Amino acid sequence: MAAVEVHKFAQCITCHAWSRDRSMIAFCPNNNEVHIYALLQGKWEKLHVLQKHDQIVSGIDWSARANKIVTASHDRNSYVWNLEGSEWVPTLVILRLNRAALCVKWNPRENKFAVGSGAKTVCICYYEQENNWWVSKLIRKRHDSSVTSVAWHPNNILLATASTDGKCRIFSTFIKVVDAKESRTGPFADSKFGEQILQLDLSFSWSFGVRWSPSGNTLAYVGHSSMIYFVDDVGPSPLAQNVAFRDLPLRDVLFLSERLLIGVGFDCNPMVFAADLHGIWHFIKFLGERKTTSSGPRYGSQFSEAFGKLYGQQKHGLNNDANEHSRSRGGVHENCINCIVPLGEPGSSKVTRFSTSGLDGKVVVWDMENQADLSEYL
């Protein structure tokens, strides 16, 4: 089995992040706090509780090199936390939002971070040395609804966003005082801050979890209609494909390599997608063991089964493979998985370990080294 560690830290976890050496973990237990645990003598013990937000913390990211934690919350604020001595000291970030902050990510060089919000706005934040504070530049009037996820391209300039308007967009985030001129390479070298490079209208439902492949050549994001979308050759003539599956929708994705991707979401079980030698993506398997409910007399339809569940009745649908498949849910996790984080050196071309957290309060570490059937894709 791929799950090598299972930790029950809270009743519910909204997001989590690791320190570089994986000796500490920060997570939000579905409230306005961030708890930091450390592995001491083989046991996880609570070291710090970061208390500055007024509402649920919706995003956490821990920079590997600078050892800074950035948090975003429904209270419309973001803080950058620095470890000074034995205490984490917060610095307020000027976001200028009038709706909740929903997600946050450091860029690969860790000199900027992006905050997606319910204000249809993306904040690109950077540090002003002369004023000793974090400020933001806003990408406005580009989204028609909340920005649910952000992902940085390896070049530190391009940013992909997913939104509940069903679209995935790519923007330039070049800031003259922060980014070096040599970082502006490729076909978008002359793009200005906030310029929309590409808009993808592949999904007809809410869009979540967007991520770049390690090389930045492929972009993936998910829709709430149980579909995942892959885009190659991002530019004037992108190549797009989608994979539909009959299980519950995904919430987040992670590339393990150029040809292997993990998706997590409402099915409570990581899903493995892979690309063949021709670049065609398809679903491979569920990563964890699935729990299958016992079956009784079968009659009615899928509608009657759903109607029966609504009123607490035990009804089953027709005897077909799709219906049997839909009744197998979960595995190690017992509720929706809402966060997936890679473990290892930042910028690596291959990820073999990653962690997931969900509404069941568990953090699970997965190891892909022993997955012989997937070795050709890693």
Side-chain angles (χ1 to χ4, degrees), residues 1-53 56-73 79-90 103-106 110 251-252 254 256 262 264-265 268-270 287-289 291 330-346 348 351-370:
M1 190 174 180
V4 294
E5 296 179 31
V6 181
H7 307 288
K8 177 77 171 181
F9 286 116
Q11 291 299 313
C12 180
I13 293 177
T14 55
C15 50
H16 77 282
W18 295 88
S19 62
R20 180 170 184 170
D21 60 0
R22 215 172 68 79
S23 63
M24 292 190 289
I25 182 173
F27 64 87
C28 171
N30 199 37
N31 57 20
N32 63 330
E33 299 176 345
V34 175
H35 294 188
I36 299 179
Y37 278 66
L39 185 61
L40 302 174
Q41 298 179 349
K43 293 184 178 180
W44 289 96
E45 297 185 10
K46 186 190 297 184
L47 288 188
H48 307 278
V49 177
L50 310 185
Q51 297 174 312
K52 199 66 177 178
H53 290 287
I56 288 178
V57 176
S58 52
I60 303 173
D61 201 13
W62 199 324
S63 65
R65 301 180 185 88
N67 196 33
K68 298 178 186 290
I69 298 175
V70 61
T71 59
S73 168
Y79 290 92
V80 175
W81 302 79
N82 296 279
L83 184 60
E84 298 182 4
S86 60
E87 296 295 328
W88 288 92
V89 179
C103 54
V104 62
K105 286 290 182 184
W106 286 104
E110 300 176 4
R251 283 298 307 272
D252 204 358
L254 173 67
L256 301 187
I262 302 293
V264 296
C268 317
N269 202 338
L287 198 55
E289 296 177 357
K291 296 179 179 179
V332 180
H333 280 285
E334 299 171 348
N335 208 328
C336 173
I337 305 173
N338 51 17
C339 185
I340 180 170
V341 177
L343 302 178
E345 285 298 315
S348 174
V351 176
T352 57
R353 291 170 69 92
F354 61 91
S355 64
T356 58
S357 64
L359 302 184
D360 56 1
K362 292 180 181 178
V363 174
V364 181
V365 177
W366 306 81
D367 192 341
M368 304 296 291
E369 288 286 357
N370 297 324

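Since we're looking at a predicted model, the values are computed, not measured. Numbering of residues begins at 1 and proceeds along the displayed sequence.
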Let's go through L40 and L47 carefully: what are the C-alpha distance in whole Å and the side-chain angles of both, what is the deciding distance for side-chain contact (heavy atoms from CB on, under 4.5 Å) to 0.1 Å, and is it a yes or a no?
CA-CA 10 Å; L40 302 174; L47 288 188; 4.1 Å; yes
Begin from the C-alpha positions of V351 and I262 and carry the test side-chain contact (heavy atoms from CB on, under 4.5 Å) through to its verdict.
CA-CA 11 Å; V351 176; I262 302 293; over 6 Å; no
Under the side-chain contact (heavy atoms from CB on, under 4.5 Å) criterion, do R22 and V365 qualify, and how do the steps go?
CA-CA 11 Å; R22 215 172 68 79; V365 177; 3.8 Å; yes
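Across every non-hydrogen atom of C268 and C336, the tightest pair is SG-N, 3.9 Å. Minimum heavy-atom separation, G358 to N338: CA-OD1, 3.7 Å. Between I56 and S73, the shortest heavy-atom contact is O-OG, 2.9 Å. In terms of heavy-atom proximity, S86 sits nearest to H48 at O-CE1, 2.9 Å. Minimum interatomic distance between I13 and A10 (heavy atoms only, all atoms of both residues): CG1-CB, 4.3 Å. Residues V332 and D360 come closest through the heavy atom pair O-OD2, 4.4 Å.
Distance check, rounded to the nearest 0.5 Å: OG of S357 to CG of N335 gives 11.5 Å. To the nearest 0.5 Å, atom CG of residue L359 and atom CG of residue N30 are 7.5 Å apart. Here OG of S23 is found 7.5 Å from CG of L39. Values are rounded to the nearest 0.5 Å. A distance of 10.0 Å separates CG in N67 from CZ in R20, rounded to the nearest 0.5 Å. Note: K52 NZ to T71 OG1 = 11.0 Å, rounded to the nearest 0.5 Å. Rounding to the nearest 0.5 Å gives a distance of 14.5 Å between CD1 of I340 and SG of C15.
Classified by interplanar angle (parallel below 30°, tilted 30° to 60°, perpendicular above 60°), the ring pair W366/F354 is parallel. A tilted orientation is assigned to the rings of Y79 and W81, their planes being inclined by 30° to 60°.
Proximity of H16 to F9: side-chain heavy atoms (C-beta onward) are nowhere separated by under 4.5 Å. Looking at heavy atoms from C-beta onward, H333 lies out of side-chain contact with V264 at the 4.5 angstrom threshold. Side-chain contact check for W18 versus V363: some heavy-atom pair is nearer than 4.5 Å. Inter-residue side-chain proximity for D252 and T356 is flagged as unmet; no heavy-atom pair is nearer than 4.5 Å. Here the side chains of C28 and I60 are in contact, with some heavy-atom distance below 4.5 Å. Looking at V34 and W88, their side chains never come closer than 4.5 Å, going by heavy atoms from C-beta outward.
In this structure a side-chain-to-backbone donor-acceptor pair under 3.5 Å is missing from T352 to E369. With hydrogens and angles ignored, the 3.5 Å screen pairs a side-chain donor or acceptor of S63 with a backbone N or O of K68.
For E45, the CD atom is densely surrounded, since the number of other residues' heavy atoms within 6.0 Å is greater than 12.
Ionic pairing of E5 and R353 is present here: one or more N-O contacts between side-chain nitrogen and carboxylate oxygen are shorter than 4.0 angstrom.
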